[in-house]
Amino acid sequence: LFRSVLLLLWMTISDKRGQRTAVWSVVATGYTLMTLQILMLLTFQSVYGYVYQELATLIGMFMAGIALGSWFGIARVRAGNGRSLLRAAAINQLLVALSAPLLLFLVSLLANASSSVSAMLTTRIAFPVLAVLCGIPGGYQFPIASAIYQQARPAQASISALYASDLVGGCAGALALAGFLIPVFGCWSTAWLTAAISITPAIILFLANQDSLAGSHEWVHVLRMPQR
């Protein structure tokens, strides 16, 4: 926790335009997406007693959600400027942070389905829809974070660094979640820890957006000063 606070302070002071935060946002999003996949499979198995029969459907719908979110993100990048992208990235990162606890809450509601018809509808419709919804914020974040990252140094910036950051976050999530966090702390504690990890870049992106707005207002004030 102390290191997270220091990281938050350092990134806020030294990253006024959000480039380093974009990398951390992708790492946190990759970690959160891996958390959502594992939690969805484990909760499905705990509720219905099986998972391998629906494994391909759930993972496929999750990937479809990521693809749909990426399409939305690319459209948002083409339509927005730097300040609006910071704001969009901050809001979406907040949604990513809330996704894991919200997933468990919705699964707890679906687990109350008692009749055979409602259980069938839950397994065939509700869980695949949840998988799509879980994937959309993660897919949406990557194109926006890429645009923010490339705005600072378009000549040297490389998307491969962000893609590697996404893989690092997902790999860390797979190892930590399956090997330690979920077996030791359970699903709910792991979900709130994931939310804490993802909300840090959301806060910094909000602060970077405010700094960008303040800078633009200063320039408007200078341009409006009467010339002598």
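Bear in mind that the values here come from a model prediction, so they are computed numbers and not experimental data.
Using a 3.5 Å distance cut-off with no hydrogens or angles, the side chains of Gln141 and Thr29 do not pair a donor with an acceptor.
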- Begin with the C-alpha distance, continue with both residues' side-chain angles, and end with the deciding distance and a verdict on side-chain contact (heavy atoms from CB on, under 4.5 Å) for Leu94 and Ile199. CA-CA 6 Å; Leu94 183 61; Ile199 205 170; 4.1 Å; yes
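No side-chain heavy atom of Leu193 sits less than 4.5 Å from a side-chain heavy atom of Phe185. In this structure the side chain of Val27 never reaches within 4.5 angstrom of the side chain of Asp166, judged on heavy atoms. Contact annotation: the side chain of Ile91 approaches that of Phe206 to within less than 4.5 Å [non-hydrogen atoms, C-beta and beyond].
The CZ atom of Phe62 sits 9.5 Å away from atom CG of Leu41, with the distance rounded to the nearest 0.5 Å. Taking CG from Leu36 and CG from Leu177, the interatomic distance works out to 10.0 Å, rounded to the nearest 0.5 Å. Arg76 CZ to Ser84 OG: the interatomic distance, rounded to the nearest 0.5 Å, is 4.0 Å. Atom CG of Leu106 is separated from atom CG of Leu102 by 4.5 Å, given to the nearest 0.5 angstrom. Note: Ile148 CD1 to Ser25 OG = 7.5 Å, rounded to the nearest 0.5 Å. Atom OG1 of Thr35 is separated from atom CG of Leu181 by 8.0 Å, given to the nearest 0.5 angstrom.
Residues Ile144 and Leu95 do not share a hydrophobic cluster, defined by chaining ILVMFWY side chains whose heavy atoms lie under 4.5 Å apart. Cluster annotation: Val47 and Leu130 are assigned to the same hydrophobic cluster (Ile/Leu/Val/Met/Phe/Trp/Tyr, side-chain heavy-atom contacts under 4.5 Å, transitive). In this structure, Phe142 is a member of the same hydrophobic cluster as Tyr149, with clusters built from ILVMFWY side-chain heavy atoms closer than 4.5 Å. Residues Tyr48 and Leu39 are members of one and the same hydrophobic cluster, defined by side-chain heavy-atom contacts under 4.5 angstrom among Ile, Leu, Val, Met, Phe, Trp and Tyr. The hydrophobic clustering, which links ILVMFWY residues whose side-chain heavy atoms are closer than 4.5 Å, places Tyr31 and Trp188 together.
A distance-only check finds no donor-acceptor pair linking the side chain of Ser198 to the backbone of Ala195 [under 3.5 Å].
Summarising the local packing, CH2 of Trp71 is surrounded by 12 or fewer heavy atoms from other residues, nucleotides or ligands at distances under 6.0 Å. With a 6.0 Å radius and a threshold of 12 heavy atoms from other residues, nucleotides or ligands, Phe105 has its CZ atom at or below the threshold.
Of all non-hydrogen atoms in Met34 and Ala174, the two that sit nearest each other are CG-N, 3.5 Å. Between Asn92 and Pro137, the shortest heavy-atom contact is ND2-O, 2.9 Å. The heavy-atom pair separating Cys134 from Met40 by the smallest distance is SG-CE, 3.9 Å. Scanning all heavy atoms of the two residues, the minimum distance from Trp24 to Pro201 falls at NE1-CD, 3.1 Å. Considering all non-hydrogen atoms of both residues, Pro143 and Gly73 come closest at CB-C, 3.8 Å. The two residues Thr43 and Phe127 make their nearest non-hydrogen contact at OG1-CE2, 4.4 Å.
Under the side-chain contact (heavy atoms from CB on, under 4.5 Å) test applied with Leu205, the options Leu85, Leu86, Thr200 reduce to a single match, Leu86.
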